[in-house]
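Computed from a predicted model, the values in this text were never measured in an experiment. Just follow the structure's listing: the first ligand is 1, and inside any ligand the first atom is 1.
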Amino acid sequence: MNFKNFRKNYRIADYAMFGLCTWIFIYCMLPWRFASHYDFLTEEDIFEVLVEQVTNNISLQQLPECDYSAIVGENAYTYLKHYQEKVLRNEEILPGGEYYPRDCKARFSVAIIVPYRQREEQLHIFLTYMHNYLRQQRIHYRIFLVEQNDQLPFNRAKLFNIGATIAVQNEFPCLILHDVDLLPLNSGNLYACTEKPRHMCSALDKFRFNLPYTSLFGGVVAIRSEVYNIINGMSNLYQGWGGEDDDFYERILAKQYSICRFEPKYSGYTMLRHKPETPNQNRGQLLTTSHLRFHIDGLNSLTFKENERRIHSLFTHILVEI
Ligand code: BGC
């Protein structure tokens with residue numbers, strides 16, 4: 001090859017590289033580069049899969065049953081100023097952060113379990129928004145905040161196990177496992193359990209309203225208490241950020257369950273800004289061997305010390321050492 005040809009080839013290589021980089025850049029910007037296909041339930045399917053279950057006190061009410069078709073049908077955008085500013089009609093909320101409608105009989109009783117440590121500003125926003133959001137759905141709910149009150153690395157999954165145990169003692173048939181930094185955007189994302197465990201936040205703004213991978217099962221999840229118990233809850237071993245939700249997903253599959261999602265127009269969430277948590281360096285290794293421990297690591301091996309239970313006006317505060 002003479003020098004002229006070499007220069008020419010070199011230029012072609014440059015162009016090719018430039019083209020490739022441009023293509024990669026555009027590809028990265030496209031929202032559908034994420035899990036492009038995943039199954040979801042459309043509006044018509046929703047009422048067929050919801051499981052109507054309430055606590056004993058609600059079941060004894062002599063009232064006509066609440067109707068949920070309007071809220072699901074309308075599915076209004078609710079991330080509005082007045083939902084965020086203050087808790088409206090706060091006299092309706094019972095101590096401990098519990099609510100049920102007074103003019104109709106709720107068809108769903110739901111424990112909202114929120115693992116927590118040192119996110120005061122977010123907690124304030126969460127409680128204000130969620131109480132405004134949830135009451136318009138006319139469900140029966142109670143917010144349980146489980147705070148890790150020690151210096152160990154944050155253990156999200158273990159806090160869920162603790163919250164689930166307490167919620168079940170309080171007779172709740174449905175658990176919603178909820179991060180404190182996530183807020184639903186549309187009114188029709190009914191906070192209720194479906195037959196299958198449900199991933200509720202598949203259209204999150206942080207991921208440009210797409211799902212990064214189909215088995216993602218973190219953020220906000222609804223699961224019947226009975227199923228949570230059958231799969232032995234979550235692992236107690238994940239300390240620090242990441243992996244515990246992937247482990248949870250694997251447990252569900254291992255017990256022959258599958259998960260479901262509502263269509264994206266119901267599953268929109270926004271994430272409140274915060275600095276990233278310290279990742280769990282051990283999570284990959286834990287995940288590869290997790291299937292060996294599903295039956296021995298979870299609700300049946302849960303140990304913790306409850307320091308205090310406080311009944312606040314907007315939530316039940318459970319302080320634990322784990
Ligand atoms: C982590 C999960 C996390 C997901 C999305 C994964 O790599 O293992 O715990 O939910 O990323 O951020």
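The contact set between ligand 1 and Gly243, taken as ligand atoms under 4.0 Å from a residue heavy atom, comprises 1 (C), 2 (C), 8 (O), 9 (O).
Atom 4 (C) of ligand 1 has its closest protein heavy atom at Tyr213 OH, 3.4 Å. Nearest non-hydrogen protein atom to atom 1 (C) of ligand 1 is Asp246 OD2, 3.5 Å. The single protein non-hydrogen atom nearest to atom 12 (O) of ligand 1 is Trp241 CZ2, 3.6 Å, given as residue, atom name and distance. What sits closest to atom 5 (C) of ligand 1 on the protein, heavy atoms only, is Leu216 CD1, 3.8 Å. Closest protein heavy atom to atom 9 (O) of ligand 1: Asp245 OD1, 2.6 Å.
Both the sub-6.0 Å distance and the 45° axial angle are not jointly satisfied by Arg107 relative to the ring of Tyr68. Cation-pi geometry between Arg198 and Phe262 is satisfied (NZ or CZ under 6.0 Å from the ring centre, within 45° of the ring normal).
Residues Asp246 and Ser215 have side chains that never bring a donor and an acceptor to within less than 3.5 angstrom of each other. Using modelled atom types, one finds no donor on one side chain facing an acceptor on the other under 3.5 Å when comparing Asp181 with Tyr269. No hydrogens or angles considered: a donor-acceptor pair under 3.5 Å links the side chains of Tyr191 and His178.
The pair Arg310-Glu308 meets the salt-bridge criterion, since a charged nitrogen lies less than 4.0 angstrom from a carboxylate oxygen.
Distances shorter than 4.0 angstrom occur between a heavy atom of Gly242 and an atom of ligand 1.
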